[in-house]
Amino acid sequence: MTSTIRLTRSDRAFHFFIDAALVLILALLVVPIWSTLTLSFRPNDFIGSALDGMFLAPWKWSTAAYRALLGHRSFLSAAGNSFRIFFEGVITALFFTVPLAYTLSIKTLPGRKLLYGIVLVPYLFSPGLVPNYLLVTKLGLTNTLAAVFLPGAVSVYNTLIMKSFFEELPEELKESARIDGASELTILLRIILPLSKPILLTIGLYYGVHFWNDFFNAMLYINDAKLQPLPILLRNILLSSGMNEYVEANAFGEAPIYAIKAASVFLAAIPMLVAYPFIQKYFVKGTMLGSIKG
Amino acid sequence: MNSERTIMEGQAILLKKPASQTLWRRIVRHKSIYLLASLSFIYFIIFKYVPIWNAQIAFRDFQALEGVTGSPWIGFKNFSDFVNSYYFWELIRNTVFYSLGKMLFSVPAAVFLAVALYECRVFWLRKTVQTMAYLPHFLSWVIMYAILLAILSPSNGILNDLIKAFGGEPISFMTDTKAFPWIVILSDTWKETGWSAIIFLAALMGIDPCLFEAAAVEGASAWQRVRYITLPAIKPVIVVVVLLRLGTVLDAGFNQIFMLYSLPVYSVADIIDTWIYRQGILEFRFGLATAVGLFKGVFGLLLLVGSNKLIKRYTGSGLY
């Protein structure tokens, strides 16, 4: 491991092999994304193969697909719905998850085992799609954005990760606050939560990504075109073969349909791609916590 | 005898009382916690337990107008309809095939990636690969579908452009029953390998550096180091990951299959969950679809509990 040791020929071969493998893996990861990206910039009059098109020479790329999408009413309203689902969903999810995780983390709480059991049963046993569908429609959530995030607002897995984080916090903190006469609610709000920012961010983002990406709940419960989130619009664009309301001649005429398809996913992924480098470490931290517990 | 017994009982009561008092005191002391948790538990009862209650329609001839409790009982008819149908084995086969196939590809790939990242000395390469490898985990399958189209589409996918460049006929991969299983398994490997490597990387970080120093003193080569120190160190993690995945073998990845499949490939693509969706939501066969969901839920429970038992026996601590 130390660099002072002279590398033998076999060690050099080893490192060459490792580095070459990683470069190959990097290429395998980048090429599909790059080829989709370049596809989204193809002009209508593009001639040549896809390999040719992978080089963004200035005379053969255009932003027509992006302009068409951003100028389209349904795209903007879908993006707005997705942002609302993201923020409302994350707030709702944390509102239910934090107290649950905190409660389960108090070792002296009478009845903790029972409460833990109540949380664990649905984790181990899922009754399936239709019983959930009956519930959500019965609650009158059809055609509301809440139908997308409310059914998944508490993930038992996320709760258990958060619980193990709370358990790691030193007990003395709470004890000394109790001696000073702080109520349990004050302890949670004033002492525990300020110390838990990393885990709140991590778990909040887990939920957020999940809600942002969800298309299934939206497909099940939202029929109103005005309430469609992005993934549903994307799916409709991707599955359309050209003669579709999303490809109205006037709106999208300047760009080929495959460029529109590719551009739409990049626009939908932009918030994530922009935020990703900053939040990567929180995601990784979250999985590490989960894995240590598991 | 009798009075003696009374005295003993009296003592028992006297001894017990303080205990129940402290329990009561402990409950009172935590009353704000119960209050705090009550909303979450109400959520749990509504969104997690009412569906379990609703699952009884698996045993009923469900009529939308009659509701869950008003529909007539029909016993196990829905279950026997499913088990005796021709698609039963097809669904089980496809589901298990995709689960195991994905595991067979992505676990070794993740182990390889983790070891390569751990051994790599080129800082920028390591960081870039890590960043790029974790990223696809956060892309939805809708976006993955668009990326797959850019590669596989017969009219302008790069793979088909290559085939055409070599004089071949373009292949419609996404609707080809031979290609489809490979697309599912390989696209999942592409998307999830980086993310699954994290858990192995975490285990590698825990290796005592003394082992490597000792190995260097003894003159071990880098290959031997990997073979005798690195791989044995993550072996327990590999076992746990495999057991965990066996515990969820009936979840073959609904979102992925649902996004990628189409009528021509149903026979090789349909898994339990996609079938439940089509029968339940599209064909309104609620009872039958619920029965299949319950079937899956019960076997899923057994598999999870079983795999957790094995993990507990192997590592000393389980999932819950």
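Everything numeric here is computed off the predicted structure, so don't read it as measured data.
Both the backbone and the side chain of B/Ile52 come within contact range of chain A, with heavy atoms under 4.5 Å apart. Looking at B/Leu244, there are no atoms closer than 4.5 Å to chain A (heavy atoms on both sides), in backbone or side chain. The parts of B/Ile33 that come within reach of chain A are both its backbone and its side chain, each placing non-hydrogen atoms under 4.5 angstrom from that chain. With a threshold of 4.5 angstrom between heavy atoms, A/Ile25 approaches chain B through side-chain atoms but not through N, CA, C or O. The part of B/Ile151 that comes within reach of chain A is its side chain, from C-beta onward, which places non-hydrogen atoms under 4.5 angstrom from that chain. If you measure heavy-atom distances from A/Ala262 to chain B, you find no contacts under 4.5 Å at all. The contact between A/Leu120 and chain B is made entirely by side chain atoms (from C-beta outward), counting heavy-atom distances below 4.5 Å. For chain A, the nearby parts of B/Ile46 are the backbone and the side chain; heavy atoms of each come within less than 4.5 Å. Using a 4.5 Å cut-off between heavy atoms, B/Val226 contacts chain A through its side chain alone, with no backbone atom that close. When heavy atoms are compared at a cutoff of 4.5 Å, A/Ser10 approaches chain B by way of both its backbone and its side chain. Only the side chain of B/Leu125 comes within contact range of chain A, with at least one heavy atom under 4.5 Å from a heavy atom of that chain. Neither the backbone nor the side chain of B/Val241 comes within less than 4.5 Å of any heavy atom of chain A. For B/Val50, the part lying under 4.5 angstrom from a heavy atom of chain A is the side chain only. When heavy atoms are compared at a cutoff of 4.5 Å, B/Tyr34 approaches chain A solely by way of its side chain, counted from C-beta outward. Of the two parts of B/Ile281, only the side chain, counted from C-beta on, holds a non-hydrogen atom closer than 4.5 Å to a non-hydrogen atom of chain A.
Chain A forms the most heavy-atom pairs under 4.5 Å with one residue out of B/Thr193, B/Ile45, B/Val129, and that residue is B/Val129. Counting heavy-atom pairs under 4.5 Å between each of B/Tyr134, B/Phe286, B/Tyr49 and chain A puts B/Tyr49 at the top. Across A/Val31, A/Val121, A/Val98, the residue that shares the most heavy-atom pairs under 4.5 angstrom with chain B is A/Val121. Between chain B and the options A/Leu115, A/Leu104, A/Val136, heavy-atom pairs under 4.5 Å are most frequent for A/Leu115. Among the candidates A/Leu273, A/Ile187, A/Leu139, A/Thr108, the residue making the largest number of heavy-atom pairs closer than 4.5 Å to chain B is A/Thr108. Put simply, of B/Leu149, B/Leu159, B/Leu135, B/Leu304, the one with the most heavy-atom pairs under 4.5 Å next to chain A is B/Leu135. Contact count against chain A (heavy-atom pairs under 4.5 Å) is highest for B/Ala146 among B/Gly293, B/Gly280, B/Ala146, B/Ala133. With chain A as the partner, the residue from B/Ala215, B/Ser40, B/Ser38, B/Ala289 showing the most heavy-atom pairs under 4.5 Å is B/Ser40. Chain B forms more heavy-atom pairs under 4.5 Å with one residue of A/Leu234, A/Asp214, A/Leu150 than with any other, namely A/Leu150. Per-residue heavy-atom pair counts under 4.5 Å with chain A were compared for B/Leu294, B/Leu139, B/Leu36, B/Leu113, and the maximum is reached by B/Leu36. Chain B forms the most heavy-atom pairs under 4.5 Å with one residue out of A/Leu124, A/Val209, A/Thr159, A/Leu220, and that residue is A/Leu124. No other option in A/Ala153, A/Ala269, A/Pro231, A/Ser40 has as many heavy-atom pairs under 4.5 Å with chain B as A/Ala153.
A cation-pi contact, defined as under 6.0 Å to the ring centre and within 45° of the axis, links B/Lys48 to B/Phe44.
Salt bridge B/Lys296/B/Asp251: present, at least one basic N to carboxylate O contact under 4.0 Å.
The shortest distance between side-chain heavy atoms of B/Phe41 and A/Pro99 does not fall below 4.5 Å. In this structure the side chain of B/Ser221 never reaches within 4.5 angstrom of the side chain of A/Phe14, judged on heavy atoms. Looking at A/Ile33 and B/Met132, their side chains come closer than 4.5 Å, going by heavy atoms from C-beta outward. Contact of the A/Val154 side chain with the A/Leu100 side chain is registered, since non-hydrogen atoms from C-beta on lie closer than 4.5 Å. Between B/Leu117 and B/Lys127, every side-chain heavy-atom pair lies at or beyond the 4.5 Å cut-off. The shortest side-chain heavy-atom distance between B/Trp195 and B/Phe138 falls under the 4.5 Å cut-off. Residues A/Phe215 and B/Phe258 are in side-chain contact: their nearest non-hydrogen atoms beyond the backbone lie under 4.5 Å apart. By the 4.5 Å heavy-atom criterion applied to side chains, B/Tyr145 and A/Leu239 are counted as neighbours.
The distance between the ring centers of B/Tyr118 and B/Phe200 does not fall below 6.0 angstrom. Between A/Tyr123 and A/Tyr157, the distance from one ring center to the other does not fall under 6.0 angstrom. Aromatic rings of B/Trp141 and A/Phe216 (six-membered ring for Trp) have centroids beyond the 6.0 Å cut-off, not under it.
Here the straight-line distance linking atom OG1 of B/Thr230 with atom CH2 of B/Trp223 works out to 12.5 Å at 0.5 Å rounding.
Under a cut-off of 6.0 angstrom, the local environment of CZ in B/Arg227 is sparse, with at most 12 non-hydrogen atoms contributed by other residues, nucleotides or ligands. Applying the 6.0 Å contact sphere to NZ of B/Lys164 captures more than 12 heavy atoms from other residues, nucleotides or ligands.
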